[in-house]
Novice: 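Input: one structure, supplied below.
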Number of protein chains: 2
Amino acid sequence: MIPRAAKTQRRTRIQEEKEEKILQAALDVFSAYGFRGATIDQIAEAAGMSKPNLLYYFRTKEAIHRALLDRMLFTWLEPLQAFDSEGNPETEIRSYIRRKLEMSRDYPRESRLFANEIIQGAQHIEDGLKGPLKELVDEKAEVIRAWIKAGKIAKCDPYHLIFSIWSTTQHYADFDVQVQAVLGDKSGEGRFEDAARFLEDLFMRGLGIK
Amino acid sequence: MIPRAAKTQRRTRIQEEKEEKILQAALDVFSAYGFRGATIDQIAEAAGMSKPNLLYYFRTKEAIHRALLDRMLFTWLEPLQAFDSEGNPETEIRSYIRRKLEMSRDYPRESRLFANEIIQGAQHIEDGLKGPLKELVDEKAEVIRAWIKAGKIAKCDPYHLIFSIWSTTQHYADFDVQVQAVLGDKSGEGRFEDAARFLEDLFMRGLGIK
DNA sequence: TTGATATTTGACCGATTGGTAAAAGCTTAC
DNA sequence: GTAAGCTTTTACCAATCGGTCAAATATCAA
């Protein structure tokens, strides 16, 4: 009867499928309107099921949102995880920019979900920011500091460096409408490569690499 | 009876005051929840008046939002307007970064209002983006291109350069919660100067200036 | 002081909100 | 095939949504 903690402990095939379908629909709606602006009815319709049916799988609107954010924070942090202290600055930073840019291109809804949440005060994810995110950033900031000390990159504040990579890459997902309005609908193909080349050049030169 | 187009054609002192108070309250609410997530009741309470009283000055929720965005787009574009083709690249770009960063510090609600609107599809401001904004950016992109041709700054895509300045500077307003979570509540004072120094250095070196 | 006008209020409207109750329909292991 | 449990639906709820209306009240020029 209660699916989340059924006696069997094992999730049904139907549960698996429906929950995934709900999360996909919820991602559409939450990323487009934010938490408060989204409605369960909208999500249910996008998922192709009735509202009570949806509420059978997720007991509240907040539960859906939380499930999405949990999954999100993990994939959002992944590229930074890959940041390797052993590697050399050029390839590490270059590929970090690439990966973040690819995420903006391939998962714009996830990026906007996250952006909406942060802009609106991060009330549902505050712990995730002050916990795992801060720890990871602190760790990688140390790596950058070590590169600076070794004279491999120019002296700069590692935290603001990370912020600037985040903001410039996510911009293409979060502010896509604005980017499209300015660049026109043309050049949709080359856009990604143009942005990648620009950002890589900017940061390489900006950090005195190469 | 109808305040916006009264017979007198002249706005009353009370009108002036109340409308301003409503817009301030609406800025709080819209910037925190986006258009759909905000409610008239919230705005009315924040403005210290009853809902029907508020609706006496602005006929619909959308009218308040539109009034805010109109005012906003103007001030948002102002720093870019100041971008002078006569000046030299270093001072122009430096001061543009400064001004955008100051806007993030001094008008974070306005920045978030704008960010919410764009992220959520810019349905209420699309014309403003494809019209005045695009024209202004096109114009300033030409200025940058001229600097490149004159060999004053490194070769790069002027549009992506503008995007990167927008995103890095606005980040400190829109994603303030995240920045605070990562940097900790300490160093609130020096934060602005740290960011300014980092970004100026990054872009100066990145553009081969100095 | 008065009358015209500008402002404010309380009571109300239909639609939508997040969520519930209970029963009907469906799967699946046996 | 059947019974136990899983899934879906219909009908519904109180609260809140954006917005209206008419009456009451405040302001101000003459």
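Numbers restart at 1 for each chain; the letters A, B, ... are given by sequence-line order, proteins then strands.
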Novice: Return no unless some side-chain N or O of B:Y56 is found under 4.0 Å from OP1 or OP2 of C:dT8.
Specialist: no
Novice: Check the distance between C:dT17's P and A:I64's CD1 and give it to me in whole angstrom.
Specialist: 14 Å
Novice: Would you give the length of the straight line joining atom CE of B:M72 to atom CD of B:E110, rounded to the nearest 0.5 angstrom?
Specialist: 6.5 Å
Novice: What is the distance from atom CD of A:E78 to atom NZ of A:K100, rounded to the nearest 0.5 Å?
Specialist: 10.5 Å
Novice: Can you establish whether the number of heavy atoms outside B:Y107 located under 6.0 Å from its atom OH is more than 12?
Specialist: no
Novice: Mind telling me whether B:F83 and B:Y96 have parallel, tilted or perpendicular rings, with 30° and 60° as the class edges?
Specialist: perpendicular
Novice: Could you tell me the separation between the CZ atom of A:R59 and the P atom of C:dA21, rounded to a whole number of Å?
Specialist: 12 Å
Novice: Send over the distance from B:K21 NZ to C:dT7 C1', rounded to a whole Å.
Specialist: 15 Å
Novice: When the distance from CG of B:L55 to P of D:dA22 is rounded to whole Å, what number comes out?
Specialist: 16 Å
Novice: Check the phosphate of C:dT9 against B:S50, side-chain N and O only, distance under 4.0 Å to OP1 or OP2. Yes or no?
Specialist: yes
Novice: Measure from CG on A:L54 to P on D:dT9 and round the result to the nearest Å.
Specialist: 12 Å
Novice: Expressed in angstrom and rounded to an integer, what is the separation of B:F58 atom CZ from D:dT20 atom P?
Specialist: 15 Å
Novice: Roughly how far, to the nearest 0.5 Å, is the CZ atom of A:R112 from the CG atom of A:L27?
Specialist: 9.5 Å
Novice: Just N and O in the side chain of A:K18: are any of them under 4.0 Å from OP1 or OP2 of D:dT8?
Specialist: yes
Novice: When you measure from every atom of DNA chain D, which of residues 34-48 of chain B have a heavy atom less than 4.0 Å away?
Specialist: B:A38, B:T39, B:I40, B:D41
Novice: What is the distance from atom CG of B:D41 to atom NZ of B:K61, rounded to the nearest 0.5 Å?
Specialist: 10.0 Å
Novice: Would you say A:Q15 places a side-chain N or O within less than 4.0 Å of OP1 or OP2 belonging to D:dT7?
Specialist: yes
Novice: Taking only the side-chain nitrogens and oxygens of B:N53, find out if one of them lies under 4.0 Å from OP1 or OP2 of C:dT7.
Specialist: no
Novice: Do the ring planes of B:F163 and B:H160 sit parallel (below 30°), tilted (30 to 60°) or perpendicular (above 60°)?
Specialist: perpendicular
Novice: Within the sub-3.5 Å range, which N or O atoms of nucleotides 11-14 of chain C have a protein N or O partner, and how far apart are they?
Specialist:
none

Novice: Can you tell me how far apart OG (A:S164) and OH (B:Y172) are? Round to the nearest 0.5 Å.
Specialist: 7.0 Å
Novice: How are the rings of B:F35 and B:H65 set relative to one another: parallel (under 30°), tilted (30 to 60°) or perpendicular (over 60°)?
Specialist: tilted
Novice: Does B:Y57 make a side-chain N or O approach to OP1 or OP2 of C:dT8 shorter than 4.0 Å?
Specialist: yes
